[in-house]
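The block underneath contains the structure these notes are about, expressed in C-alpha cells.
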Amino acid sequence: MEKAIILRYSEIHLKGNNRKFFEDLLIENIKTALGQFSYNFQKTYGRYVISNYDESFEETIIEKLQKVFGIHSISPCYVVDNDLDKISEAIFMLQLADKTFKVECNRADKTFPMKSFEIAAELGGRILSKHHKLVVDIHNPQQIVHVDMRENKKTFVFLKNIPGAGGLPVGCSGKGLLLLSGGIDSPVSGYMMSKRGMRISSIHFHSYPFTSDQAREKVMTLAKKLTNYTGKMDVYVVPFTDIQIKIHEECPEEFMITIMRRFMMRISEKIAKQIGAGALITGESLGQVASQTLESINTTNSVATLPVFRPLIGFDKMEIIDISHKIETYETSILPYEDCCTVFLPKHPVTKPKLHIIERAEKKLDIDTLIDQAIENIEIVKL
Amino acid sequence: MNYFDNCATTPIDKNVLDLMYQVQQTDFFNPSSRYRASNKIQNKINNARTTIANIIGANSDEIYFTSGGSESNNLALFGTLRNKKGKIVTSKVEHASVYYAINELKNRGFDVVYAPLNSDGTVKTENFEDLIDENTVMVSLMHVNNETGGINDIKTLCNKTKAKNKNCLFFCDGVQSFGKIPLNVKSLNIDMLSMSAHKIHGPKGVGALYVSKNVSITPIIFGGGQENKLRSGTENVAGILGFELAAQTANDVLSQNISLFNCYKDTFFNTISNIVVDFFEISTKNGAPNIISLAFKNIKSEVVLHMLEQKGYFVGNGSACSSKQTYSRLATELHLKKDYAEGIIRICFSKYNTTEQVESLAKELGETINTLRKIMGVR
C-alpha cells in the first residue's frame with residue numbers, strides 16, 4: 001500500500017500577499033533537510049505531500065522534518081483510491097490502540113456519493129466489527145482515525161499528527177549573528193531566533209593557547225547540531241587572546257569581563273555589518289551571572305548600534321536546559337573545556353558597572369587597532 | 001619537532017615500520033589457515049613470543065599477545081577474578097585501564113583496598129603486609145607510575161603479599177617499565193605483567209600479557225581460540241612482529257638509554273633552575289630515568305602545553321589517557337597544594353631526543369612559565 005507524509009505549515013497562512021515568499025522558503029528548507037533522500041514532493045492546497053520515498057527511511061525523514069521551522073504538523077499516512085473497501089483496508093494497517101476512537105472524515109471529493117458523517121459512521125462500524133475492544137467516543141476520543149478524501153480520487157488515511165517545529169521558515173526574518181560560546185545558553189538562543197525565521201551565522205571568541213582546541217571543537221559540534229534547525233551556517237572564529245591579555249594588563253581586574261564583552265560586541269557588530277546581518281543574538285538571561293545584570297547588559301549594549309536579540313532574557317536556567325536537551329546540545333555544552341570567559345575570571349567581577357567608569361578604564365587601550373588585528377585573523381568555518 | 005611526551009606514546013622506529021609494511025604485504029595469510037605459508041607465520045609469531053619471554057625472563061608459553069596495554073590489564077583482572085570473591089589491593093594512581101577495571105570489580109562485589117602512597121606516587125612498602133589477609137585475591141600495582149616516574153618496589157611488595165597469603169595473585173602493570181628499566185618476572189616473583197608496544201617505538205594496537213604457568217586464567221574475548229585459547233581474534237601479525245623488533249631494540253639499548261636519560265635529567269635541571277622559581281619535582285632520583293614530573297605554582301599546565309606546542313615542543317600534562325578529566329587523580333592523591341595542583345608538567349625522554357633538545361626545552365619551558373605568570377599577574 002502506498003505511503004506518504006502530509007506536512008501542514010504553521011503561520012504562513014497569515015501572511016497574505018507575502019505568502020508565496022514564505023512558501024518558497026519553506027519548500028527550499030524542506031528540500032535542503034531531505035537532501036540525501038529521493039522522494040516526490042507535491043504542493044496541494046494548505047499542505048505538502050511527500051511520497052514515493054524508501055519506506056525504511058520514513059522515521060528518519062520525519063525526524064528531519066520535525067526540525068524544519070514553519071512546519072506545524074506531520075502525518076505519515078496511507079494513500080488509497082476513494083473506495084470504502086480500500087479505505088478500511090488502510091485503516092486496518094494503522095496501529096490502533098485499544099482505546100476510545102472516532103473517525104473524522106473530510107470529503108473534498110464532492111462526487112463521492114456519501115456525505116462525510118455517513119462515511120465516518122460506516123468506517124467506524126467496520127472498525128468496531130474487527131476490533132472488539134475499541135469503543136467509539138465522538139466527543140472526547142483518545143485517538144482519531146483521519147480519512148481525507150481528495151478531489152484527485154485519492155484518500156489519505158492516518159492516525160498520527162506529529163507536532164512539527166512550528167515557527168517561521170528560516171530565512172524569512174533576515175539574518176542574525178549569534179555570539180556562540182561553549183555554554184548551554186547561546187545554542188538555545190540561536191535555536192529560538194532561528195525558529196522565528198532568522199538565518200544564523202555564529203561568531204566565537206577563541207583564546208588559544210589559554211583554552212584548548214577541544215574547546216573550539218566543542219563549539220563547532222554545537223554549531224553543527226544547530227544546523228539541523230538553522231540550515232547551513234558560517235562560524236567566525238575570532239582570535240581573542242591578545243585582547244584579553246591587553247585588558248588584563250591595562251584595566252582593573254574587576255572590569256575584566258565587562259570590558260571583554262564590550263570588545264566582543266564591537267567585533268560582532270563589525271562582522272555582522274560585513275556579512276549583512278541585521279541583529280546580534282546573545283544567550284543572556286537577566287541576572288544569571290554578574291555580566292548579565294541590567295547594569296552589565298546596559299554597559300555592553302552601549303557599544304552596539306544594531307539591535308541585540310536576547311531571546312532567553314526572561315528564561316530560568318532550568319527552562320533553558322530543557323530546550324537544550326530538546327535540541328540535543330546539552331551533552332556537548334557541559335563538556336568541561338574552558339572557554340574564553342573563564343580564563344581571566346576575576347575573583348570579584350563588578351556586578352553593577354557604571355558606563356562612564358568603564359569607558360574611562362578602557363581609555364588606556366588602543367581599541368580600534370586591537371579590533372582590527374583580531375578581525376584580520378578571523379577564521380571562517382562553513383558548516 | 002621536539003617530542004617529549006614519550007610516556008603517552010613514542011614515534012615508531014623506521015625499521016619496525018619497514019618490517020610491518022613488508023609483513024602486511026607478504027605475510028598477509030591468516031595464521032590459522034591450513035597453508036604452509038600460514039604455518040610459517042604462526043612460527044614467526046611464536047618466535048616473537050619467545051623474544052618477549054626472554055626479555056622478561058619468562059617462558060614463551062607464558063606470553064599472550066593482545067591489542068595493547070589496556071586489554072592486557074583488563075584480561076589480567078577479569079580473566080583471573082571470574083567466579084572469585086574477596087579483596088583487591090591496589091592504588092589510586094594506577095593507569096585508568098586498571099583503576100576503572102577495578103572500579104567495575106568493586107561494583108560486582110569485590111572489596112577494594114587502596115594502598116597508602118609516598119610523595120612520588122609509589123606505594124609505601126612499610127606495613128604493606130597489613131593490607132593483605134586471607135581474603136585478598138589480587139594485588140594490582142603498576143611498576144613505573146606513568147605520571148611521576150616513581151618505581152614501585154614490586155619485589156618487596158610481592159614478597160610481602162605472598163608471605164601473608166600465598167594464593168593471592170600479584171599483577172603488575174608493566175606498560176611504563178617494559179623496555180625502559182631492567183625487568184625480570186621471576187626475580188620480581190609476580191604472576192602477571194602487562195606490556196605495550198607503542199611505548200617503546202613499536203606500533204599502536206598491540207601488547208602482551210605475561211601469565212605465570214601457575215595462574216589459572218580464562219578468556220574475556222571468545223572466538224576462534226587463538227593465543228592458546230586465551231585471546232581469540234585473528235592475530236595482528238604485523239603488529240606482533242613489529243612489537244618483537246621494537247622490544248628487542250629497546251632491550252639492546254636499555255642500559256645505554258638509562259645513562260643517557262640520567263644525563264638529560266641533569267642537563268634539564270641545571271638549565272631550568274636558573275630560569276624559573278616556585279616549582280618542585282614530583283619525580284625522584286630513584287624514579288624512572290626517562291620521566292621528569294614537575295609541579296609549578298600558579299600555573300595551568302594545559303596552557304603551558306599549548307604555548308610550548310606553538311614553539312614546537314611537546315610535553316605532557318598528566319596521563320594522556322585521562323587528560324579530559326577536569327581534575328587529576330594524581331594531584332588529589334599526592335595531596336598537592338591547591339596552587340600547584342593544576343601545574344603538573346611531565347617530560348618523558350626517548351632515544352630520539354638530544355642533549356641540545358633537552359637544554360632548549362628546559363629554556364623554553366622556564367621562559368614560558370615566566371611569561372605566563374607575568375600575563376596572569378601571578379608569582
Side-chain angles (χ1 to χ4, degrees), chain A residues 182-184 204-222 237 239-257 259-260 263 331-349 361 364-365 370 377 379, chain B residues 1-2 4-5 8 96 100 276 296-332 338-339 341-346 361 364-379:
Chain A
I184 294 169
H204 174 67
F205 296 89
H206 189 42
S207 309
Y208 195 85
F210 290 89
T211 59
S212 61
D213 281 335
Q214 281 106 313
R216 182 184 175 285
E217 279 317 302
K218 172 183 168 181
V219 171
M220 292 305 155
T221 309
L222 287 172
V237 183
F240 203 52
T241 319
D242 291 347
I243 292 177
Q244 284 178 298
I245 291 174
K246 261 280 172 304
I247 302 173
H248 190 77
E249 279 172 6
E250 304 289 348
C251 306
E253 192 196 2
E254 65 269 28
F255 299 158
M256 179 79 208
I257 301 285
I259 295 176
M260 215 174 79
F263 268 91
E331 294 299 327
T332 308
S333 287
I334 60 169
L335 290 173
Y337 309 124
E338 277 195 284
D339 66 35
C340 64
C341 295
T342 56
V343 172
F344 293 97
L345 197 62
K347 285 194 184 71
H348 304 289
K364 283 185 173 174
L365 302 169
L370 284 170
N377 294 306
E379 180 198 353
Chain B
M1 187 178 63
N2 302 285
F4 288 98
D5 199 12
Y100 289 107
V276 76
F296 291 92
K297 189 179 179 185
N298 289 327
I299 284 292
K300 282 189 179 171
S301 57
E302 193 178 335
V303 179
V304 177
L305 185 142
H306 295 151
M307 290 172 84
L308 282 176
E309 185 184 353
Q310 286 179 324
K311 296 176 180 174
Y313 294 84
F314 294 82
V315 298
N317 68 325
S319 163
C321 295
S322 62
S323 57
K324 280 179 187 160
Q325 281 184 345
T326 45
Y327 61 96
S328 150
R329 246 190 302 135
L330 183 83
T332 317
K338 205 173 156 234
D339 41 359
E342 288 188 309
I344 302 177
I345 295 279
R346 183 185 67 178
L361 168 74
E364 293 291 356
L365 175 61
E367 281 167 7
T368 302
I369 302 275
N370 287 340
T371 310
L372 190 55
R373 282 181 177 156
K374 191 164 164 249
I375 293 173
M376 305 297 289
V378 293
R379 227 336 265 285

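Lettering follows sequence order; numbering is per chain, from 1.
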remark   = Residue set satisfying ring pair (Phe, Tyr, Trp, His ring centres under 6.0 Å) with Phe296(B), at least two apart, ordered chain then number -> Phe279(B)
message = Between Leu372(B) and chain A, with a heavy-atom cut-off of 4.5 Å, which part of the residue counts as in contact: side chain, backbone, both or neither?
response = side chain
ask   = For the atom pair NZ (Lys374(B)) and NE2 (His248(A)), what is the distance rounded to the nearest 0.5 Å?
value = 11.5 Å
Donor-acceptor pair, side chain of His306(B) and main chain of Tyr208(A), under 3.5 angstrom = no
